[in-house]
Peer 1: 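Just passing along the structure, written as structure tokens.
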Amino acid sequence: MSQRAAPHGGPERDALDPFGAATHVVFNQPAELDDYNLFSGDAALQAGVAREGGGWASNELAAVGARLGSAETLELGILANRNPPELDTHDRYGNRIDLVRYHPSYHLFMRLAVEQGLHASPWTEPRPGAHVARAARYYMQAQVEAGHGCPITMTFAATPSLAKEPALAKHWLPKIHARVYDPRNVPAADKPGLTIGMAMTEKQGGSDVRANTTRAIPIGRDAMGEAYELVGHKFFVSAPMCDAFLTLAQAPGGLTCFLAPRWRPDGSKNPIQIVRLKRKMGNVSNASSETEWRGALAWRVGPEGRGVATILEMVAATRFDCMIGSSAGMRMAVAQALDHCRQRKAFGAYLIDQPAMRAVLADLALEAEASLALTLRVARALDNRASDPREDAFARIAAPLGKYWICKRAPAHAYEAMECLGGSGAMEDSPMPRLYREAPINAIWEGSGNVQCLDVLRAISRAPQTLDVYFADIDSARGVNRALDADVAALKDDMRDLADFESQARNLCDRLALALLASVMVASAPAANADAFCASRLEGRGPRNWGALPKGLDLKAIVRRALPR
Ligand SMILES: Cc1cc2nc3c(=O)[nH]c(=O)nc-3n(C[C@H](O)[C@H](O)[C@H](O)COP(=O)(O)OP(=O)(O)OC[C@H]3O[C@@H](n4cnc5c(N)ncnc54)[C@H](O)[C@@H]3O)c2cc1C
């Protein structure tokens, strides 16, 4: 029987509590956001998927959205992060095993991802909208558990690099593409499905991989191609239980890309030894490690001396997934904030109806929607790039811009969303601390902020038409919003002289990213959302906090559209 609240907030005395010993009734606290559909409850996602060519996947996405939003799956996401992986370097008899043990819930997310093809579907079932549909699935799954996205992304991203080496591709790609997740610590030959990691970063250089000192000594040809032994170290190797790693090492002809298996084809352990697991602030469910490579067998991928160019294919794909992951984090953060504020009252009204809070919520919702809209637009460019050089050029500039901007916005967004929940938002039993700790990671790995800006410069300098394609895409939204039109005109002027780009990199990339996001909003979002985005982000007033929006915007409509249920 529930207790009735007395006027002073305490319980009334009744038959069950005759002496009035119960201190209080819990009221004005929200119900958990669970058992909802991450697809059907996300208007921006549904519209974006349809707009960018993935509408054919809607029914399946709705089914996935229901499963991911169930209380049971959300609980698994919590468990995967409460129980971090553990490393056993040796077994109890002293044999080297390099075994990382994950919580079963982590494996469940890996299995779900692989069975849905998050690691391969655009390669195995290419069709218009394939990247869009995959991005939508990934976006929903990353909202529930972000850590396992790391090996899923690396496995997905390995295909373009491996495809360059026919013998390796023939042996490895069928199992990499299989929709079977097999976490066993056994040789690749004994498994029906494989995952791939990436080991580039060394102690003396992460962004500047040319500083790598790991040596590659040629040992002859075998069935997989040109074989080498690698001697050196890698300072960050995430998901070290992957079955093989794309890596870089100095071969006689210069820095070269390799595929190194965790087990040798003869069934012996390849000496890639895990020294320790990183103690990470976020991405906790997933392991990242420091490793020693003591004569590890590896096969060359691409020509000697072309390592950076070869592995860049992989890196470019991982950067796109960072856009998805950070957009996903923002969506979950604003969904939590909205759902809380629609149930919690303060000073006589639901928080969602308090004008100051409504402005904050609307601002957070705008950021999340714009991030998703650009991510799905880039997904369409990835779908079309093989047949359309302009889409290829667009992807080359929009992906680093998107990775730079979206990933950088996530931490501040997560923090503000946390504050919407008040004190409970900062408690470890709320989803918000996990979202907050996860938020900075995507900006740092796979090329940190400045590196993305320099990548934008590289794309423009290598192929000056890249900038024309970028502006042509933005111009498709011209004539609708005066702030955007004025902003783009000024930007075109400022981009004429790139002599001092590096010192202006952040300034110019901020503006390039914002104009792109604004144009995608104008082209795709309801007028209330597009107007608010342009008014708040393009009409410069210097630094501002979340919710500091100009007057006259339809904030109710923005908030309503973003409600998760
Ligand atoms: C959780 C986690 C997991 C990771 N997993 C992996 C993995 O699996 N495999 C892997 O290979 N790596 C991995 N990394 C490493 C990651 O990719 C690197 O940390 C990242 O590339 C940056 O390299 P660095 O740490 O050496 O920093 P540095 O390269 O020293 O960079 C430091 C700062 O300097 C800036 N900078 C660099 N060059 C320039 C320049 N020319 N101009 C201006 N600014 C510049 C960077 O933007 C950065 O802000 C992981 C990192 C994290 C946090």
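For ligands, and for the atoms within them, numbers begin at 1 and follow the listed sequence. Here the structure is a predicted model, which means the values were calculated and not measured.
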Peer 1: Nearest protein heavy atom to atom 1 (C) of ligand 1, by residue and atom, and its distance?
Peer 2: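 In this structure, atom 1 (C) of ligand 1 has K280 CD, 3.6 Å as its nearest protein heavy atom.
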
Peer 1: Answer side chain, backbone, both or neither: which part of L454 comes under 4.0 Å from ligand 1, heavy atoms only.
Peer 2: side chain

Peer 1: Could you tell me which atoms of ligand 1, counted from 1 in the order shown, lie closer than 4.0 angstrom to a heavy atom of I444?
Peer 2: 20 (C)

Peer 1: For ligand 1, is any non-hydrogen atom under 4.0 Å from M198's backbone (N, CA, C, O), its side chain (CB onward), both, or neither?
Peer 2: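 The part of M198 near ligand 1 is the backbone, not the side chain.
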
Peer 1: Which residue holds the protein heavy atom closest to atom 26 (O) of ligand 1, what is that atom called, and what is the gap in Å?
Peer 2: G206 N, 2.9 Å

Peer 1: For Y181 and T195, does a side-chain donor sit closer than 3.5 Å to a side-chain acceptor?
Peer 2: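 Per modelled atom types, Y181 and T195 side chains form no pair under 3.5 Å.
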
Peer 1: Identify the protein heavy atom lying closest to atom 28 (P) of ligand 1, giving its residue, its atom name and the separation to 0.1 Å.
Peer 2: S207 OG, 3.6 Å

Peer 1: Taking 4.0 Å as the limit for heavy-atom contacts, which would you say applies to A239 with ligand 1: side chain only, backbone only, both, or neither?
Peer 2: neither

Peer 1: Provide, to 0.1 Å, the distance between atom 15 (C) of ligand 1 and the closest protein heavy atom, together with that atom's residue and name.
Peer 2: T201 OG1, 3.3 Å

Peer 1: Return the residue, atom name and 0.1 Å-rounded distance of the protein heavy atom closest to atom 11 (O) of ligand 1.
Peer 2: M200 N, 2.7 Å

Peer 1: Using the side chain to side chain donor-acceptor pair (under 3.5 Å) definition, which of the options Q204, H233, K234, Q250 pairs with N212?
Peer 2: K234

Peer 1: Indicate whether atom 22 (C) of ligand 1 is within a distance of less than 4.0 angstrom of some protein heavy atom.
Peer 2: yes

Peer 1: Nearest protein heavy atom to atom 30 (O) of ligand 1: under 4.0 Å?
Peer 2: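 Within 4.0 Å of atom 30 (O) of ligand 1, no protein heavy atoms are found.
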
Peer 1: Heavy atom under 4.0 Å from ligand 1: found in E446's side chain, backbone, both, or neither?
Peer 2: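 Backbone only; the side chain of E446 stays clear of ligand 1.
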
Peer 1: Does the ring centre of F394 sit less than 6.0 Å away from the ring centre of Y470?
Peer 2: no

Peer 1: Quick one: look up the protein heavy atom nearest atom 50 (C) of ligand 1 and list residue, atom name and how far away it is.
Peer 2: F236 CD2, 3.3 Å

Peer 1: If the cut-off is 4.0 Å to any non-hydrogen atom of V237, which atoms of ligand 1 fall inside it?
Peer 2: 8 (O)

Peer 1: Strictly less than 4.0 Å: does any protein heavy-atom distance to atom 37 (C) of ligand 1 fall in that range?
Peer 2: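 Protein heavy atoms within 4.0 Å of atom 37 (C) of ligand 1 - there is at least one.
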
Peer 1: Suppose we measure from atom 44 (N) of ligand 1 to each protein heavy atom; which comes out shortest, and what is that distance?
Peer 2: N450 ND2, 2.9 Å

Peer 1: Would you mind checking if D98 and R96 are paired as a salt bridge, meaning a charged N to carboxylate O distance below 4.0 Å?
Peer 2: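 Result for this pair is yes, salt bridge flagged.
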
Peer 1: Among all protein non-hydrogen atoms, which one is nearest to atom 2 (C) of ligand 1, and what is the separation to 0.1 Å?
Peer 2: W445 CE3, 3.3 Å

Peer 1: Are any of the side-chain nitrogens in E428 or R434 under 4.0 Å away from the carboxylate oxygens of its partner?
Peer 2: no

Peer 1: Can you tell me if T318 and E446 form a side-chain donor-acceptor pair at under 3.5 Å?
Peer 2: yes

Peer 1: So is R111 actually on top of Y106's ring, under 6.0 Å and inside 45° of the axis?
Peer 2: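 No, R111 does not sit over the ring of Y106.
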
Peer 1: Charged N to carboxylate O below 4.0 Å: is that the case for R179 and E115?
Peer 2: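 Salt bridge: no.
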
Peer 1: Strictly inside 4.0 angstrom of atom 33 (C) of ligand 1, do you find any protein heavy atom?
Peer 2: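 Not a single protein heavy atom is under 4.0 Å away.
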
Peer 1: Hey, does the Lys NZ or Arg CZ of K403 hover above the aromatic six-ring of F320, less than 6.0 Å from the centre and inside 45° of the axis?
Peer 2: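 No, a cation-pi geometry is absent between K403 and F320.
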
Peer 1: Hey, is R537 close enough to E367 for a salt bridge, meaning N to O under 4.0 Å?
Peer 2: yes

Peer 1: Would S288 count as a contact of ligand 1 if the rule is a heavy atom under 4.0 Å away?
Peer 2: yes

Peer 1: Determine whether the side chains of D266 and S268 contain a donor N or O and an acceptor N or O closer than 3.5 Å.
Peer 2: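 Yes, side-chain donor-acceptor contact under 3.5 Å.
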
Peer 1: Would you verify whether the NZ or CZ of R134 falls within 45 degrees of the ring axis of Y139 while also being under 6.0 Å from that six-membered ring's centre?
Peer 2: no

